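Here's the structure we're looking at; comments come further down.
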Amino acid sequence: METTDLTPAERRVVEAFPLGEGVDFRQGDDDPALGASWGAERTVRAEVLRELLLDGPVRAGRTAGLKVWGARITGRLDLKYGKVGHPVRLRRCHFEQAPDLYGAQVGALVLSDSVLPGLTAGSLRAEGVVRITCCRITGPVRLPGAKLSGAFFANGARLGVPGENPEEAVLQLNHAEIGTDVWAPGLVTHGKVHLNGTVVRNQVNLDDAELTAPGETVLHAEVLAVGTDLHAMRLRTHGRVNLAGARIPRQLNLAHARLSDPGGQALRASSSVIGELWLREAAPVEGAVNLRRAQFDLLHVPPEVWPHRVQLDGLAYRVLTPHLPAEQRLALLERDPDGYLPQPYEQLATAYRTVGDDASARTVQLARLRRHRRTLPPYARLWGFLQDAAVGYGFRPMRAAGWLLLLLCTGTLAFALHHPPALKPAEAPAFNPLAYALDLLLPIIDFGQEGAFAPRGGYQWLSYLLIAAGWVLATTIAAGVSRSLSRQ
């Protein structure tokens, strides 16, 4: 470039470039949002920066690089498909137009604290980090298919325009490969965020972030693959969080989060494989939750956090924390819009047995049978009521002993006060009211009393009642024993 064509501000940048030195145009604590009013003393044309980065001078023994603070950059910084072997650092700058780095190769890209109308960097290749830390960017940040050897930093960034919900996602990292972290605590977006198909070698950090796209998928992260954790403590979302098919081997930490999508799905993590899901001390979820076919090692979700609609069919987990009585967990299984499904009950019972709480496991199994009973035709529901009342479907065996004792006492007292006549007086044994009541109640026991005596009138009906009750109790006890054996 001809140095005679350069302004004094541009000449400072050109002279500092081969030395790798910085040029600071800042004047106190000025705001880059007001950069359109900055004068020529701090204005640099984008075409000058482009020529430096693609074919700038270098000096032996020095590492060239672009390092500028507080400049107003006019025109479009067009590095499309360019190969930039130097780090690009443009901090607290005001960009007149969105830079275009589509398909470019750079050492590092640092735009911290700058104000931009957008950023196009799809298929970017960066040997170092990409930083938009504390940037204010009104248009979309396009990084789909980018491959970054280092981390992507967006902590404290403000993306989009408050009150607007654009059609295009304001942050696009879909199908990108991030060598270390996506680090974005405190990120604020007014529009959608795309991370679907993204591979992050270490962790994603969205602590204290606020993502807003009412009625839309505010965080689209299907098939996201994370090396360790996804931290999103105190995350606030207005719109759906979609983590379907995600792979997060350690923690998905949503402690103290507030997820909201009234009338829609606030959280979808179906078919995901996640080590631990934490919703400790989170606000009650506003909107449905879909965990169908998901797999977790640990779920730390207090009952009061779950919304009124939760899809659980096929959900698998090993441990539930905090450990609570089964009665406090069962209400959740009633909230599946698909109605009665046996698998969630079996999974909950298995989780209780895993930690050695067999009593709670039996409570869950009993609740499953009662819920199933409501789906049966009337005659089957009647038989179910009898089994439940008699022995709790075999999960309350002591109840059978109580019923037997009550019926035995009733029959013994009734027939002691009124002996039934013998069928063959000459051959009948001495009447024993206790043995007679046992003969009626227990179908597999015969003391010779039942066949020798024949009660009449109301006592005959009492004998029928004892016989029927004995068969019901025997059948339900046998069913309970068979269930216990099958579980073992």
Side-chain angles (χ1 to χ4, degrees), residues 243-254 267-280 285 288-307 309-376 384 387-388 391-399 476-488:
L243 293 169
R247 299 293 184 268
I248 304 171
R250 289 177 54 182
Q251 279 191 1
L252 171 57
N253 192 340
L254 293 167
L267 175 62
R268 180 187 179 195
S270 55
S271 302
S272 59
V273 179
I274 298 172
E276 301 178 2
L277 172 61
W278 287 73
L279 275 161
R280 178 176 54 86
V285 177
V289 171
N290 183 351
L291 298 179
R292 297 178 66 188
R293 301 177 302 280
Q295 299 178 42
F296 298 90
D297 186 58
L298 179 144
L299 281 175
H300 186 112
V301 186
E304 63 272 13
V305 172
W306 294 110
R309 291 187 299 130
V310 185
Q311 293 177 281
L312 299 170
D313 190 27
L315 170 65
Y317 50 88
R318 192 177 65 85
V319 178
L320 284 174
T321 58
H323 185 75
L324 298 171
E327 291 78 7
Q328 296 186 37
R329 299 283 188 187
L330 286 170
L332 173 64
L333 308 189
E334 296 273 351
R335 301 178 187 178
D336 198 312
D338 295 329
Y340 167 72
L341 297 167
Q343 188 274 338
Y345 288 90
E346 295 292 347
Q347 175 59 66
L348 181 56
T350 299
Y352 276 115
R353 282 195 292 270
T354 298
V355 296
D357 191 348
D358 290 332
S360 291
R362 289 192 296 271
T363 298
V364 174
Q365 292 282 20
L366 178 57
R368 179 183 69 81
L369 291 167
R370 288 172 174 169
R371 178 84 185 279
H372 176 59
R373 185 174 66 210
R374 289 184 293 190
T375 67
L376 300 176
Q387 288 185 304
D388 194 0
V391 290
Y393 286 101
F395 295 103
R396 299 289 184 265
M398 291 305 297
R399 189 179 296 175
T476 53
I477 289 171
V481 169
S482 65
R483 272 194 294 268
S484 298
L485 293 174
S486 65
R487 287 195 301 271
Q488 298 177 21

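Treat the numbers as computed from the prediction; the structure is a model and nothing was measured.
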Side-chain touch Gln347/Leu315, heavy atoms, less than 4.5 angstrom: no

Val355 side chain near Leu320 side chain, heavy-atom distance below 4.5 Å: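 The answer is no; the side chains never approach within 4.5 Å.
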
Taking atom [atom1] of [X] and atom [atom2] of [Y], what is their separation to the nearest 0.5 Å?
| X | Y | atom1 | atom2 | result |
| --- | --- | --- | --- | --- |
| Ile274 | Arg247 | CD1 | CZ | 9.0 Å |
| Arg309 | Asp336 | CZ | CG | 10.5 Å |
| Glu276 | Ile248 | CD | CD1 | 12.0 Å |
| Leu312 | Ser270 | CG | OG | 12.0 Å |
| Arg371 | Leu333 | CZ | CG | 8.0 Å |
| Tyr317 | Leu348 | OH | CG | 4.5 Å |

Which atom pair, heavy atoms only, marks the closest approach of [X] to [Y]?
| X | Y | value |
| --- | --- | --- |
| Pro307 | Val285 | CB-O, 3.4 Å |
| Gln343 | Gly314 | OE1-N, 2.8 Å |
| Leu279 | Val305 | O-CG2, 3.9 Å |
| Tyr345 | Leu341 | CD1-O, 3.4 Å |
| Trp306 | Arg335 | O-NH1, 3.2 Å |
| Ser360 | Ala326 | O-CB, 3.7 Å |

Exam field: side chain Arg329 to backbone Glu327, donor-acceptor pair closer than 3.5 Å: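 Such a contact is absent between Arg329 side chain and Glu327 backbone.
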
Test side chain to side chain contact (heavy atoms under 4.5 Å, CB included) applied to Arg373 and Arg370, step by step: CA-CA 5 Å; Arg373 185 174 66 210; Arg370 288 172 174 169; 4.1 Å; yes

Mind listing the side-chain donor-acceptor pairs of residues 294-302 below 3.5 Å, one per line with the distance, residues two or more places apart or on another chain?
from, atom 1, to, atom 2, distance (Å)
Asp297, OD1, Arg318, NE, 2.9
His300, ND1, Thr321, OG1, 2.9

Pair Arg353-Asp358, side chain to side chain contact (heavy atoms under 4.5 Å, CB included): steps then yes or no: CA-CA 5 Å; Arg353 282 195 292 270; Asp358 290 332; 3.6 Å; yes

Qualifying residues under ring pair (Phe, Tyr, Trp, His ring centres under 6.0 Å), relative to Tyr352, sequence neighbours excluded: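 Residues passing ring pair (Phe, Tyr, Trp, His ring centres under 6.0 Å) with Tyr352: His323.
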
Glu346: salt bridge (charged side-chain N to carboxylate O under 4.0 Å, His left out) partners, not counting sequence neighbours: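 Applying salt bridge (charged side-chain N to carboxylate O under 4.0 Å, His left out) to Glu346 gives Arg368.
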
